[in-house]
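Side chains are part of it too, since the values below use all heavy atoms of this structure and drop only hydrogens, waters and symmetry mates. What you are looking at is a predicted structure, and each value in this text was computed from that prediction instead of being measured. We name chains A, B, ... by the order of the sequence lines, and we start the count at 1 in each one.
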2 protein chains.
Amino acid sequence: MTKEEKIVGKALEMFNERGIEYVGLRELAATLGIRVGNITYYFPTKDDLVNRLAQDLSALNERTMGEENRSLFSFLNQYRHVFENHVQYRCLLLSFVHLMEQNKVISARYKETEKKRYSTIVANLSSLQAFGYLVPEADTDFLVSVVTLAARFWISEAALSFRHLSPPEQITQYITLLAKLFIPYATEKGKDDIQRFLASL
Amino acid sequence: MTKEEKIVGKALEMFNERGIEYVGLRELAATLGIRVGNITYYFPTKDDLVNRLAQDLSALNERTMGEENRSLFSFLNQYRHVFENHVQYRCLLLSFVHLMEQNKVISARYKETEKKRYSTIVANLSSLQAFGYLVPEADTDFLVSVVTLAARFWISEAALSFRHLSPPEQITQYITLLAKLFIPYATEKGKDDIQRFLASL
DNA sequence: TTGAAATTTGGACAATGTCCTAAACATACT
DNA sequence: AGTATGTTTAGGACATTGTCCAAATTTCAA
């Protein structure tokens, strides 16, 4: 394990625990038993360190969203894995708004992936319609909006209102929400998938 | 207008524009033509200043949520006003998570109002069922969860994805989302209310 | 007018992110 | 082996931040 990896790993750990803004570089360095300038050698600014974490999460998410899903069950399951990634990098999502406002690298890259993600969801929902999981008259634009909102901010709300629950319990809470959202727009086949998915949690 | 009010007003203005974290007390003081220590006389810490803003928003929201609503139309309309309040104090909502993690006064008070707000929504939805706007078998717990999530974070997402829209357009976007959410759970009478509400935007 | 209270000032303090220079180390080439 | 080159580490300087305090000033009632 290189020193750079050690820095990234411990940074993620401490950022997740106490928040990016509340962990100073000196404290991170002290925990690692190194000097501050040593961190800034690998990551000239704190933002560069955060960028690295964001890049890692992005790669992780792309890997889990990679496979085409041909059923509502696998669609929901994919989101369950995305939510697990979110927990692993929760510091980023809890500071999402600030990072976007302040960190140009992150906001630029996010603008890219946002479009891609949006069209991916649209395509997924269309194909779920085509495969007979969602009724043809379903308002997919509406569904995309709600899914996007929930996926972005579920962990923030969980941190506020469900801190007493463990991360897996929090995931169950919000992935259930997502599943229930689709019930009114699902065909009988789709409803079966949703019930099967809910039972699998 | 007292000096305290001047400080609060200009602080809200600058915080809304550039974010609470990115406006220093020295800059606020310079804009007001006063010294830093002068601000800390009225508000010993920056958190105290933010607390004041949070208190103001809270009072504003309680005033707009005050009246009982006896139709789905008025329920949605109430939320439209809440969203307008959110725009007015958007700096608080954009820093919501951090404030809750860091500011004990705000988080303590929010825990109080959260319970109250939750039971208010539940009561509202129940009475909308009783008055025949929502079908009896509607999953009100689910609806409450989505409404809560949307109300908390719509403005954060708008700041990320719809910055090119004006605040009124952003409100329309998300209040429409909220209205559409209820369609599958609304009676014919309720659906009429929703359509009437959407037409009124 | 006087005296006490309220307000304002100016600066000190520790902590933060950033930046820079010199020392230490490692590696490859002669 | 010795040297030169590039990488890594150490240590401290710098400006900025929120906070705090004592003295100076202003306000206002007795």
Between [N] ([atom2]) and [X] ([atom1]): distance, integer Å:
X	N	atom1	atom2	result
I39(B)	dT7(C)	CD1	C1'	14 Å
F43(A)	dC19(C)	CZ	P	16 Å
Y42(A)	dT18(C)	OH	P	18 Å
N38(B)	dG11(C)	CG	P	16 Å
L49(A)	dT16(C)	CG	P	15 Å
R35(B)	dT7(C)	CZ	C1'	13 Å

Practice item. For residues 110-133 of chain B, pull every pair meeting ring pair (Phe, Tyr, Trp, His ring centres under 6.0 Å), keeping only residues two or more places apart or in separate chains. Key: F96(B)-Y110(B)

Study note, to complete from the structure: 5'-most to 3'-most nt of DNA chain D touching chain A (<4.0 Å, heavy-atom partner on protein side) reads dT7(D) to dA13(D)

Practice item. Respond yes when some side-chain nitrogen or oxygen of K46(A) is under 4.0 Å from OP1 or OP2 of dT16(C), and no when none is. Key: no

Dump every N/O contact between nucleotides 20-25 of chain C and the protein below 3.5 Å, one line per pair.
none

Practice item. Sequence neighbours left out, what passes salt bridge (Lys or Arg N to Asp or Glu O under 4.0 Å) with K46(A)? Give chain and number order. Key: none

**Study point:** Between T148(B) and E157(A): side-chain donor-acceptor atoms closer than 3.5 Å
**Key:** no

**Study point:** Qualifying residues under side-chain contact (heavy atoms from CB on, under 4.5 Å), relative to S156(B), sequence neighbours excluded
**Key:** V97(A), F153(A), L94(B), F153(B)

Does the [X] side chain pair with the main chain of [Y], one donor and one acceptor, at a distance under 3.5 Å?
X	Y	value
E169(A)	S166(A)	yes
Q170(B)	F162(B)	yes
R163(B)	A159(B)	yes

Exercise for review: Taking only heavy atoms on the protein side, list every residue of residues 11-34 of chain A lying under 4.0 Å from any atom of DNA chain C, sorted numerically.
Suggested key: V23(A), G24(A), L25(A), R26(A)

How many angstroms lie between [atom1] in [X] and [atom2] in [Y], if you round to the nearest 0.5 Å?
X	Y	atom1	atom2	answer
L60(B)	E84(B)	CG	CD	10.0 Å
Q129(A)	E137(A)	CD	CD	8.5 Å
L25(A)	N38(A)	CG	CG	12.0 Å

Review point. Which nucleotide, dC19(C), dT9(C), dA6(C), lies nearest any side-chain atom of Y41(B)?
Key: dA6(C)

Exercise for review: Check the surroundings of atom NZ in K6(A): do more than 12 heavy atoms from other residues, nucleotides or ligands lie under 6.0 Å from it?
Suggested key: no

